[in-house]
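Read the numbers this way: they start at 1 and go in the same order the structure lists the ligands and their atoms. This is a predicted model, so every value here is computed, not measured.
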Amino acid sequence: MEAIEEMLETNPMLKRMQATEEVIWINPDKTSFTDAKDSCELTMADIDDAEARLQRFAPFIMKCFPETEERGGIIESVLTDIPNMRTLINEKYDSHLQGRLLLKQDSHLAIAGSVKARGGIYEVLKHTEELALANGILKESDNYAKLAEPECRDFFAKYTIQVGSTGNLGMSIGIMSAAVGYQVIVHMSADAKQWKKDLLRSHGVTVIEYQADYSEAVKNGRKQSDENPMSYFVDDENSRNLFLGYAVAAKRLIGQLAEKQVPVDEMHPLFVYIPCGVGGAPGGITFGLKQVFGDAVHCFFVEPVQAPCMLLGMSTGLQNGISVQDIGLTGLTHADGLAVGRPSGFVGGVMKPLLSGEFTIRDGKLYDYMRDVLDTESVFLEPSACAAFQGPIKLETSPETRAYLEKGDLKDKMKAASHIVWATGGSLVPEEIREEYRNTFIQE
Ligand SMILES: *Cc1c(COP(=O)(O)O)cnc(C)c1O
């Protein structure tokens, strides 16, 4: 801990983080994509593989979840312009945002109503395919709708899936695992909302509740799973599968951007803002976006001031060797999806040469931005998801990001830029909870 004391003495940003001030961090280790590309253990071929697997499972998904029929069993969200919100942030928050502002509505992804419908569901399907192929239940050339038949469900009922979660990952893994036929145990941290636990139990999922934070729920889940040879543990902190499930979003975005006539190239930079918890979702999406758009895309994470675990890990270089509690923060936040005290070391390492930077945000603003986007665009997002608005609101006016734009020769291109706020959750929030959120005001 002495080393941490010393860092706090010499690092002004850490001191400000300790005092729960909002900060903006520009990643000094970011390199050109050409230089970064070869340093990662994962490649575009891995994303292609994940995309093809999701395609193989599409008939099965369509059969289990009729709401996905419209998209042929592909779980994907819309990308929409939010011009009224753009006007509002420029007036209300004096943001001076010049380019086009878009919302990626993973909040409305089918089945799980959050970004976790990408990674979580993909990992369950990957495991399912491995089990089914190894046990002669399935050939790769089969129509995977077959997996919904009773004999297959009986086979999967012998197996258990377990996961630690602050809420949304549990919902995505729980709902999909129950659909395949597995027994499911979700280990929920103290942050998890009651309605998420209730919803899971209604799907027949066993929910174990902890009084401790996310890391403790993960630790216990992993331990219980390791003791059972028929159990598979979804490891949010280290899973390459989850990460690749998230990364597929980038390939799908190519067509959506083209459709909306949003150019992305050297003269038309794309800025993307994603809320970050343990790092898997924003990390996977960023990894995919960099593979697809290279240096033309600039990705920023946003974390709560009480739980800036990825910022702490990346900016100190200690990755998962430091927790927010180590600098005296609580890790407690209204942003339940982001309530993580220790980041994924795997994601931090992959992000080192790719991520542009990070913003932190006070909890009170989550509710303000939530009301803003509801009032201007009639889209309901959960508070965690609204963290992403901190990016476009601060980008063109804060000294740190202005310097970033200057250094990257981006200043003159901002009129031609586009900004994507990655809305990570919200559509499953029950009406009475929405009402509660709409009336939540936090004095800070
Ligand atoms: C999980 C989650 C995130 C962040 O994902 P991580 O993989 O934990 O970084 C962001 N927003 C919402 C709503 C989430 O549920």
Pair listing, ring pair (Phe, Tyr, Trp, His ring centres under 6.0 Å) test, anchored in residues 72-96, at least two apart: Y93-Y369
Residues 70-89 vs ring pair (Phe, Tyr, Trp, His ring centres under 6.0 Å), sequence neighbours excluded, gives none
Would R371 and F441 count as a cation-pi pair here, with the cationic atom under 6.0 angstrom from the ring centre and within 45° of the axis? yes
Cationic N near anionic O, under 4.0 Å, R71 to E76: no
Residues in side-chain contact (heavy atoms from CB on, under 4.5 Å) contact with A335, at least two apart in sequence or another chain: P304, T333, L338, L366, S384
Classify the side-chain pair D198/Q194 by whether it contains a donor and acceptor separated by less than 3.5 Å. yes
For ligand 1, which of its N or O atoms have a protein N or O partner closer than 3.5 Å, and how long is each gap?
| residue | atom | partner | partner atom | Å |
| --- | --- | --- | --- | --- |
| ligand 1 | 7 (O) | G280 | N | 3.2 |
| ligand 1 | 7 (O) | A281 | N | 2.8 |
| ligand 1 | 8 (O) | V278 | N | 3.0 |
| ligand 1 | 9 (O) | G277 | N | 2.7 |
| ligand 1 | 9 (O) | V278 | N | 3.2 |
| ligand 1 | 9 (O) | G279 | N | 2.7 |
| ligand 1 | 11 (N) | T424 | OG1 | 2.7 |
| ligand 1 | 15 (O) | K116 | NZ | 2.7 |
| ligand 1 | 15 (O) | N168 | ND2 | 2.7 |

